[in-house]
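Encoded as C-alpha cells, the structure appears first; notes follow it.
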There are 4 protein chains.
Amino acid sequence: MKKREVQASVKDERLVKKRRDQMIKGAVTLFIEKGFHRTTTREIAKASGFSIGTLYEYIRTKEDVLYLVCDSIYDQVSDRLQKDLDTSCGTLESLKTGIADYFRVVDELQDEVLVMYQEVKSLSKDALPYVLKKEIEMVGMFEQIISRCVENKELELTEDQIKMSAHNIFVQGQMWAFRRWSLKKMYSLEDYIQLQTELLIQGMRRAETLISNI
Amino acid sequence: MKKREVQASVKDERLVKKRRDQMIKGAVTLFIEKGFHRTTTREIAKASGFSIGTLYEYIRTKEDVLYLVCDSIYDQVSDRLQKDLDTSCGTLESLKTGIADYFRVVDELQDEVLVMYQEVKSLSKDALPYVLKKEIEMVGMFEQIISRCVENKELELTEDQIKMSAHNIFVQGQMWAFRRWSLKKMYSLEDYIQLQTELLIQGMRRAETLISNI
Amino acid sequence: MKKREVQASVKDERLVKKRRDQMIKGAVTLFIEKGFHRTTTREIAKASGFSIGTLYEYIRTKEDVLYLVCDSIYDQVSDRLQKDLDTSCGTLESLKTGIADYFRVVDELQDEVLVMYQEVKSLSKDALPYVLKKEIEMVGMFEQIISRCVENKELELTEDQIKMSAHNIFVQGQMWAFRRWSLKKMYSLEDYIQLQTELLIQGMRRAETLISNI
Amino acid sequence: MKKREVQASVKDERLVKKRRDQMIKGAVTLFIEKGFHRTTTREIAKASGFSIGTLYEYIRTKEDVLYLVCDSIYDQVSDRLQKDLDTSCGTLESLKTGIADYFRVVDELQDEVLVMYQEVKSLSKDALPYVLKKEIEMVGMFEQIISRCVENKELELTEDQIKMSAHNIFVQGQMWAFRRWSLKKMYSLEDYIQLQTELLIQGMRRAETLISNI
DNA sequence: GATGAATGAGTTTTCATTCAT
DNA sequence: AATGAATGAAAACTCATTCAT
C-alpha cells in the first residue's frame, strides 16, 4: 500500500514539502493545545506562517492536515525503530535496546504521540487505513526482533506469544505518552524502561518456561 | 472528591435522573457512531426522546453531556471492579478472577470505553480531574488486590512494582477495546484473558524472583 | 409529477408558508437588482426580515431559494391562465382574451419573469425538471384554448400548427418582459397586445387558408 | 458607438488577438458547461492553454472575458446577417432567405447563443450597452430587409409593423436556441424554419390586408 | 416542565487578482 | 511575455444556546 496522496495546487514538489513541514509543525502545536476539532484552519495557517489562502494551496481539506500530521509522526517513530531492526542480531540485548529506544522516541514525541492517538478517529474512512497500516508495520518490527531471538534460541515462544509480546511492547510504549500524568509521578523514563523491560522480558521467559513444562 | 455537579433547571431529582439516563443512552450511541464533536445537541435531544429545549433543562452545555456519559461509563466498570475487590482474599486465584472480570466488562462495554478514551480530552479543564480521579481509583483497586496477595505472601513485590503491575493490568484491559481491530484477528476474549493473565502474573512472579536475587 | 419538496427544519406548516412568502418577496427584489449569484444568503435573510440562522431553518441551500422563487412566479402566471382556460368557450374572442390576460400578467410580473428566465439555468439538474414542467403545462393551456377554437370551427389548424402557435403566444408574452428595454420605446402594453394578437391570430388564419389551398 | 476597449498589458496587437481567440474558445466551452459564475479564471486559463498570470496579461477582470465572448458571438451572427442584407433585393424571396439563414446560424451557434442570453445580465452596467447595441443593429438589419420589400410593394406595412415584425423574427430565431429542449421534440430545423416563416410572413401579409381594410 | 423557533458568531473553503521571478 | 505562488475578502452553511409560549 502506497502513501495516500494529499493533493496540492502548487506544483513545485520541493516547495510543497517545505510548506507542509511548516504546516505540520504549526498544526501539531495547536492540536496538542486544543485538539483537532477546536483548532481552526485560520489558526493553522497563522501558526504555519502563511495566509489561509496559501494553506489551501497545499491541502484540500482540514482533514488533510490531520493526515499529514499523523503520517509524519508515525514516520518519525517508525524510522527510529527501523534502525534498531536493521542492527538487531537475535540477542536479548538487542531486544532490550529496541524496547528502550522505542520508549525513548515515544518520550521525545510524547505530545505528538498523544495527539495522534486522540485524533486518528477523526480521519475519514478514506485516510484511516493508511495510518493503521503504519501501526501494523511497527508492531511487525518488534515481532521480527523477537523472532530473531527465538530463532537464536534466546527465547522459546509460540507464534501467538511473539505477536502478543510485540503488541504489548508497542502498547506499553504508547502508555508512557498516554498516561504520563499518572506514570511520571512514580517513575523517571529510565525507571519505566527498566521496569517494563523486566516485566515484558521476564514475562516472555516465563512463558517459555511454561511451554517447556507442558 | 465529590462528584462534579451538573446543574439542572428542573427540581424533581427523580425526573432529573430519569431524563439523564435517557440522555446518556442516546448520546453514547451517537458518540460511538460519529464522535462527540460531530454529534449535535439536536441529535442528542432526538435520540434521547425529547426536544432540544428539554435537553437544556437538564444540562447547561453540550460538554455536560460528555461528562455525564464518561462518568456513567466509569461507574459501570468501576462498580464491577468494586465487587471483585470486596470478595478478594489475597489468593492468586482472586487476582486472576479480578483481571478476568475486568477484561470481560471492558469487552461488554468496548464501544463505550473506546468513546470515553477518544473524547475525554474534549472535557474542559474543569471536568477533566473528576474523570481522571475515577481512573486512579480503579487502578487503586487493582493495587489493593495485588497488595493483599503480597501481604498473603502469594507474591513478593515492592510498592513500585505493585503500582506498575496494577497499571499494566488496567492498560491491557483498555487495549482490548482500543486495539480490538488488531487483536480480535488473533485471539478470542478468553484467549486474550488467559495469555495476558499469564504474562502479567508470570511477570510479577519473575519480578519477585529478581528481587530475591539482589 | 408532484411539487419538489424543499425541506424545512421548522414543523409548523403555516409558519413555513409565511416565512417562505417573506423570503420569496425579499429574494425577488434582490435577484432583480443583482442576479442570483451576486446575491448573498445574508442579504436574502436581511431582506426577508430575519437572521441568517432563521433563513436556514426554512431552506437547505441557497438554491432552494431560487427554486422557491421560480416556483412561485410560475404559479402566479399559471393561476391566471388557468382561469382563462376555465372560461374559454372556443370562440376567437376567448382566445384573444386569454392572450391579452397572459400578456398583462407578464407585464405586472415583468421583473419576476425576467429574473426567472435569467436564473433558471442556475437550478441544479435536480430542480430544473420541476420548473420546466410548469412551462410545458402553461403552453399546454394555450394549446387547449386554441384546440377548442379548432373544434368549434373558428380556426382550422393541424396539431403541429396548434402546438407551434401556442408556443409562439407563450414566447411573445415572455418577450414583453425580456425585451422591454427595446419594445417599450415603441409600444404601450395595449399596443403590443393588439399588434401581437393580430399577427398571431392572422398568422393562424392564414395558415388555415394555406391548408385549404393545398 | 465604437467597440468597448478591453485593456491588455501586452503591446503586440497580433498576439493580443491570437491569445484572446484562444481565450474565447476555451471560455465558451466552459460557460456552456457550467455558466459564467461557476467557471473560475483558473479554468479559463487552463482551457485557453496558458497560465493564470498570462490570462491577466490580456484582460483586466473576469468580466472582460464574458464581454469578449458575448461580443464574439454577436459578431458571428451579425456577420452572417450582414451578408444577407447586402444581397437583399426587396423580394419576399430574399426576406425568406434572410430569415432562413438567420435561423440556421442560430442553430449552428445554439450553445453560444444560449450562453450569451443567460449571461449578459452579468455584464456590468459599463459593458452592457455595447452588447445591447449589437442586438439593436441586428434587429435593424431585418427592418431594412423588410423595408426594402415594402418599398418594393411586396409588402404594405406601417413603420410600427415593420419594427415589430423584425423584432418577432429576431426573437423567434433566438427561441430556437432557447427552447430547443421543447421544440426539437416536435420539429426539425427545416420544419421550424418553414412553419415560422409562414406564420411570420403570412402575419405580415394579413396585417397589410387589415390596413387596407381600415 | 416542555417545546421548538430564533439567533448570530464562527467555521471551512473558494477564487479573483497581484506581483516577484 | 510568461509563470504560478501568495493573498485575503467574501461566501455558504452550521449549531450551541436562549427564551417566549
Side-chain angles (χ1 to χ4, degrees), chain A residues 8-12 15-16 19 37-45 49-65, chain B residues 8-12 15-16 19 37-46 49-65, chain C residues 8-12 15-16 18-19 37-46 49-65, chain D residues 8-12 15-16 19 37-46 49-65:
Chain A
S9 304
V10 172
K11 297 181 182 172
D12 181 341
L15 192 54
V16 170
R19 290 276 180 264
H37 280 105
R38 294 202 209 281
T39 302
T40 70
T41 51
R42 293 195 118 81
E43 288 171 322
I44 296 172
F50 33 73
S51 72
I52 182 68
T54 302
L55 181 75
Y56 275 89
E57 290 286 303
Y58 295 93
I59 51 155
R60 289 225 299 216
T61 65
K62 187 186 173 189
E63 203 212 286
D64 281 346
V65 182
Chain B
S9 306
V10 173
K11 305 291 165 196
D12 180 344
L15 191 53
V16 170
R19 291 277 181 259
H37 278 105
R38 295 200 211 283
T39 301
T40 69
T41 49
R42 279 167 135 103
E43 287 170 323
I44 295 172
K46 196 173 182 188
F50 36 73
S51 73
I52 181 68
T54 303
L55 183 76
Y56 274 86
E57 293 288 311
Y58 296 92
I59 51 158
R60 286 221 305 210
T61 68
K62 187 186 174 190
E63 205 211 284
D64 282 346
V65 182
Chain C
S9 304
V10 172
K11 297 180 180 174
D12 180 342
L15 191 55
V16 171
K18 182 182 155 197
R19 292 276 180 264
H37 278 106
R38 292 201 210 282
T39 302
T40 69
T41 50
R42 291 193 119 82
E43 288 170 323
I44 296 172
K46 198 170 180 186
F50 32 73
S51 72
I52 183 68
T54 301
L55 181 76
Y56 275 89
E57 291 284 305
Y58 295 92
I59 51 158
R60 288 224 302 216
T61 65
K62 188 185 172 190
E63 205 212 283
D64 281 346
V65 181
Chain D
S9 306
V10 173
K11 305 291 167 197
D12 180 343
L15 191 54
V16 171
R19 291 277 181 260
H37 278 105
R38 294 199 210 283
T39 301
T40 69
T41 50
R42 280 167 133 105
E43 287 171 323
I44 296 171
K46 195 172 182 188
F50 35 73
S51 72
I52 182 70
T54 303
L55 182 76
Y56 274 86
E57 294 287 310
Y58 296 92
I59 52 158
R60 285 221 307 209
T61 68
K62 186 185 172 189
E63 205 211 283
D64 282 346
V65 182

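Proteins get letters first, then strands, A, B, ... in listed order; numbering begins at 1 in each.
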For DNA chain E, what dot-bracket results from Watson-Crick or G-U pairs at under 3.5 Å, with [ ] for crossers and | for inter-strand partners?
-> .||||||||||||||||||||

Whole angstrom value for the distance that separates P of E:dT14 from OH of A:Tyr58 = 17 Å

So the contacted stretch of DNA chain F, first to last nucleotide with an atom under 4.0 Å from a non-hydrogen atom of chain D, runs from F:dA1 to F:dA5

So what does D:Lys46 touch, heavy atoms closer than 4.0 Å: a base, only the sugar-phosphate, or nothing?
-> nothing

Just call it for D:Thr41: base, sugar-phosphate, or nothing, with non-hydrogen atoms closer than 4.0 Å on any strand.
-> base

Roughly how many Å is it from CD in A:Glu57 to P in E:dT12, rounded to a whole number?
-> 18 Å

Those residues that, when tested against B:Ser51, pass side chain to side chain donor-acceptor pair (under 3.5 Å) (two or more places apart) = B:Thr54

Output for pair (C:Asp64 CG, C:Lys62 NZ), nearest 0.5 Å, gives 12.5 Å

Just say parallel, tilted or perpendicular for the rings of D:Tyr58 and D:Phe50, cut-offs at 30° and 60°.
-> tilted

Round to a whole Å and report the spacing from CD1 of A:Ile59 to C1' of E:dT13.
-> 10 Å

Relative to the 5' end of DNA chain F, which residue comes earlier, C:Thr54 or C:His37, by the nucleotide with the nearest heavy atom?
-> C:His37

Set of residues satisfying salt bridge (Lys or Arg N to Asp or Glu O under 4.0 Å) with respect to B:Arg42, sequence neighbours excluded | C:Glu57

Please give, in whole Å, the distance from E:dA16 C1' to D:Glu43 CD?
-> 13 Å

Between the base of E:dT13 and the side chain of A:Arg42, is there a donor-acceptor distance below 3.5 Å?
-> yes

From CG of C:Asp12 across to C1' of E:dG4 the rounded distance in Å is 10 Å

With sequence neighbours left out, the residues meeting side chain to side chain donor-acceptor pair (under 3.5 Å) with A:Arg38 are none

Earlier contact from the 5' end, DNA chain E, for B:Ser9 and D:Arg60 = B:Ser9

When rounded to whole Å, the CG to C1' distance for the pair A:Leu55 and E:dC15 reads 15 Å

Whole-Å distance between E:dG4 C1' and C:Arg19 CZ?
-> 13 Å

Nearest heavy atoms of A:Thr41 and A:Leu55, plus distance in Å = O-CD2, 3.6 Å

Please list, chain by chain and in numerical order, all residues satisfying side chain to side chain donor-acceptor pair (under 3.5 Å) with A:Thr61, sequence neighbours excluded.
-> none

Between B:Thr61 and D:Gly53, just flag the one whose closest nucleotide in DNA chain F comes earlier from the 5' side.
-> D:Gly53

Could you say whether C:Ser51 or B:Ile52 is positioned toward the 5' end of DNA chain E, judged by the nucleotide with the nearest heavy atom to each?
-> B:Ile52

